[in-house]
Amino acid sequence: MEWLDLYDEQRRPNGGRMARGGYPPAGSYFTVVHLCLFDKQGRMLIQRRQSGKREYPDLWDVTAGGAVQSGETSVEAAHRELLEELGLDLDLTGQRPYLTVNFPGGFDDVFLLEGEADVTALRLQPEEVRDARWATQEEIQAMRRRGEFVPYYPSYIPTLFEMRRCMGFCEPEE
């Protein structure tokens, strides 16, 4: 069984833990991560979720994601999820989330990185990932409109593509 550490609304550890798959008690929150890998052409590596997944079965999603296990940091969880789901062992030393999105049960740390990966050499986790491929922002948005991609807000995917160039909310200086 996987355990998740619990936090208060200010993200301070509150000493609690919960089993993965449950919902935290009132006033407690857990952390999840998402990682988006972009290649030099500006495409994002996306994965198709397995049909047996509880949430968003058969839909395409960003590169990797999952819950932060008890005792892990967000960056450790991002590295583990990328390795487990796609077989990619990228060095995330010194990485921080580009943004954190709050949701009713917790915090979602989003990591954006640039790197290369040969899709034909990926080792997909059979119980989690059905397929993987590189996609442009326009392709992902079209998939989202057709109901083939996790139904993120329409502005979320463009935000990820824009933010990959520079941490923060201001355009990078040329």
_Remaining members of hydrophobic cluster (4.5 Å side-chain criterion), Trp3_ =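 The other cluster members (ILVMFWY side chains, heavy atoms under 4.5 Å, direct or chained) are Met1.
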
Report the distance from atom [atom1] of [X] to atom [atom2] of [Y], rounding to the nearest 0.5 Å.
X: Leu88; Y: Leu83; atom1: CG; atom2: CG; result: 8.0 Å
X: Ser28; Y: Asp5; atom1: OG; atom2: CG; result: 11.0 Å
X: Gln47; Y: Leu59; atom1: CD; atom2: CG; result: 11.0 Å
X: Leu124; Y: Gln50; atom1: CG; atom2: CD; result: 8.5 Å
X: Leu160; Y: Leu99; atom1: CG; atom2: CG; result: 6.5 Å

*With sequence neighbours left out, write down each residue that passes salt bridge (charged side-chain N to carboxylate O under 4.0 Å, His left out) with Asp58, or none if nothing qualifies.*
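By the salt bridge (charged side-chain N to carboxylate O under 4.0 Å, His left out) rule, Asp58 matches Arg130.
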
_Partner residues of Glu2 under the salt bridge (charged side-chain N to carboxylate O under 4.0 Å, His left out) criterion, sequence neighbours left out_ =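 Once residues adjacent in sequence are excluded, the partners of Glu2 under the salt bridge (charged side-chain N to carboxylate O under 4.0 Å, His left out) criterion are Arg20.
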
Smallest separation among heavy atoms of [X] and [Y], with atom names:
X: Gly27; Y: Asn14; answer: O-ND2, 4.4 Å
X: Thr63; Y: Leu45; answer: OG1-O, 2.5 Å
X: Ala77; Y: Val68; answer: CB-CG2, 3.7 Å
X: Leu37; Y: Gly115; answer: CD1-N, 3.5 Å
X: Tyr98; Y: Met163; answer: CE2-O, 3.2 Å
X: Ala135; Y: Ile46; answer: CB-CD1, 3.7 Å

*Side-chain heavy atoms under 4.5 angstrom apart, residues restricted to Ile, Leu, Val, Met, Phe, Trp, Tyr: same cluster for Tyr29 and Met18?*
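No, Tyr29 and Met18 fall in different hydrophobic clusters.
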
_Connected via hydrophobic side-chain network under 4.5 Å: Val32 and Tyr23_ =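 They do not share one cluster, since no chain of ILVMFWY contacts under 4.5 Å joins Val32 to Tyr23.
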
*Taking the side chain as every heavy atom from C-beta outward, state whether Val33 and Val75 have any atom pair closer than 4.5 Å.*
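In short, these two side chains do not touch, never coming nearer than 4.5 Å.
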
Side-chain donor-acceptor pairs of residues 101-113 under 3.5 Å, sequence neighbours excluded:
residue, atom, partner, partner atom, Å
Asp108, OD1, His34, ND1, 3.0
Asp108, OD2, His34, ND1, 2.9
Asp109, OD1, Arg11, NH1, 3.0
Asp109, OD1, Arg11, NH2, 3.4
Asp109, OD1, Thr100, OG1, 2.6
Asp109, OD2, Arg11, NH2, 2.6
Asp109, OD2, Ser74, OG, 2.4

_Residues which pass side-chain contact (heavy atoms from CB on, under 4.5 Å) with Gln41, listed by chain and number, not counting sequence neighbours_ =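 For Gln41 the side-chain contact (heavy atoms from CB on, under 4.5 Å) partners, ignoring immediate neighbours, are Asp39, Arg43.
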
*Could you tell me which residues satisfy side-chain contact (heavy atoms from CB on, under 4.5 Å) with Glu127, sequence neighbours excluded, listed by chain and number?*
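Only Gln125 meet the side-chain contact (heavy atoms from CB on, under 4.5 Å) criterion with Glu127.
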
Result block: side-chain N/O donor-acceptor pairs under 3.5 angstrom for residues 139-146, not counting sequence neighbours:
residue, atom, partner, partner atom, Å
Glu139, OE1, Thr136, N, 2.7
Glu139, OE1, Thr136, OG1, 3.3
Gln141, OE1, Arg144, NE, 3.2
Gln141, NE2, Pro154, O, 2.9
Arg146, NE, Glu148, OE1, 3.4
Arg146, NE, Glu148, OE2, 3.0
Arg146, NH2, Glu148, OE1, 3.0

*Qualifying salt bridge (charged side-chain N to carboxylate O under 4.0 Å, His left out) pairs with a residue from residues 154-167, counting only residues at least two apart or across chains*: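 Passing the test, one end in residues 154-167: no pairs.
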
*Which pairs with one or both residues in residues 77-102 pass salt bridge (charged side-chain N to carboxylate O under 4.0 Å, His left out), sequence neighbours excluded?*
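Matches after skipping sequence neighbours: Glu72-Arg80, Arg80-Glu84.
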
*Pick from Leu90, Val62, Leu92: which one makes a side-chain contact (heavy atoms from CB on, under 4.5 Å) with Leu35?*
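In the set Leu90, Val62, Leu92, the residue that makes a side-chain contact (heavy atoms from CB on, under 4.5 Å) with Leu35 is Leu92.
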
*Is a side-chain N or O of Gln69 found less than 3.5 angstrom from the main chain of Leu4, in a donor-acceptor match?*
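Judged by distance alone, no pair lies under 3.5 Å.
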
*Determine which pairs satisfy ring-ring contact (aromatic ring centres under 6.0 Å, His included) with at least one residue from residues 37-83, sequence neighbours left out, and list them in order.*
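Output for this query lists Phe38-Phe161.
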
*Please collect all ring-ring contact (aromatic ring centres under 6.0 Å, His included) contacts where either partner lies in residues 130-153, sequence neighbours excluded, each pair once.*
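Listed once each, the pairs are Tyr152-Tyr156.
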
_If the condition is side-chain hydrogen bond (donor to acceptor under 3.5 Å, both in side chains), which residues does Thr159 pass it with, not counting sequence neighbours?_
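None.
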
